[in-house]
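These numbers come from the heavy atoms of this one structure, side chains and all, not from hydrogens, waters or symmetry mates. Everything numeric here is computed off the predicted structure, so don't read it as measured data. Throughout, residue positions are numbered sequentially from 1 according to the sequence presented.
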Amino acid sequence: MATDLTSLLEGGVIIPSFEATSRKQAIHALAEALAEKVGLSPRLIEDAVMERERLGSTGVGEGVAIPHARLDGIETPIGGYMRLVHGVDFEAIDERPCDLVFMLLAPKTAGADHLRALAQVSRAYRQSAVRDALREATTEEQVRAIVCRKSADTPA
């Protein structure tokens, strides 16, 4: 079942459970968490992601949102995963609230790498078994076991 997001989550963040009441609040929390990892201002990240959100929803359906942005100061694509206790409106194409959020940040110059990373995340979340397992996961280790090959390949 594991679809490998190791490269995106290795230096990124996993928040297995978070209470948010809005898309902006979820994006703010992920921006703050990722800012520490990439050494950028949380405000800079949040503004870039919200600017992208204004262009069109990143709610891809089935309760999944993939907010993303390209920024100067980032060396390689990095991700942040969050499961929301209660889904929030990301204006998804199927109009469902989103409870599985994966924020993707990429270098400003990484057009192809950014698209590959988005496709990688999308492939993982397209699988209903992955979505179901993520909704049951309550720890960072459980999330990693679901979406990171390195964790999945390590004997228990």
To the nearest 0.5 Å, what is the distance between CG (Leu71) and NZ (Lys108)? 6.5 Å
With rounding to the nearest 0.5 angstrom, report the CD to CG distance, Gln120 to Leu115. 12.5 Å
Here the pair of heavy atoms bringing Gln25 nearest to Phe18 is O-CE2, 4.4 Å
Please report the shortest heavy-atom distance between Leu34 and Ile45, naming the atom on each side. C-CD1, 4.2 Å
Pair listing, side-chain hydrogen bond (donor to acceptor under 3.5 Å, both in side chains) test, anchored in residues 34-43, at least two apart: Arg43-Asp47
Got a sec, which residues hit ring-ring contact (aromatic ring centres under 6.0 Å, His included) with His28, two or more places apart in sequence or on another chain? none
Where the side chain of Arg52 meets the backbone of Gly56, is there a donor-acceptor pair that is under 3.5 Å apart? yes
Salt bridge (charged side-chain N to carboxylate O under 4.0 Å, His left out): which pairs involve residues 63-83, sequence neighbours left out? none
List the atom pairs, with distances to 0.1 Å, where a side-chain N or O of residues 92-104 and a protein N or O form a donor-acceptor pair under 3.5 Å, not counting sequence neighbours.
residue, atom, partner, partner atom, Å
Asp94, OD1, Arg96, N, 3.1
Asp94, OD2, Glu62, N, 2.7
Arg96, NH1, Glu62, OE1, 3.2
Asp99, OD1, Arg135, NE, 3.2
Asp99, OD1, Arg135, NH2, 2.9
Asp99, OD2, Arg135, NE, 2.8

Report the hydrophobic cluster partners of Val85, with the cluster defined as I, L, V, M, F, W, Y residues connected by side-chain heavy atoms closer than 4.5 angstrom, directly or transitively. none
Given the rule in the side chain to side chain donor-acceptor pair (under 3.5 Å) test, do Glu53 and Ser57 qualify, once you have shown the distances and angles that lead to the verdict? CA-CA 5 Å; Glu53 285 289 314; Ser57 169; 5.0 Å; no
Side chain to side chain donor-acceptor pair (under 3.5 Å) evaluation trace for Thr6 with Glu10: CA-CA 6 Å; Thr6 303; Glu10 226 163 20; over 6 Å; no
Under the rule for salt bridge (charged side-chain N to carboxylate O under 4.0 Å, His left out), what residues qualify as partners of Lys24, not counting sequence neighbours? Glu46
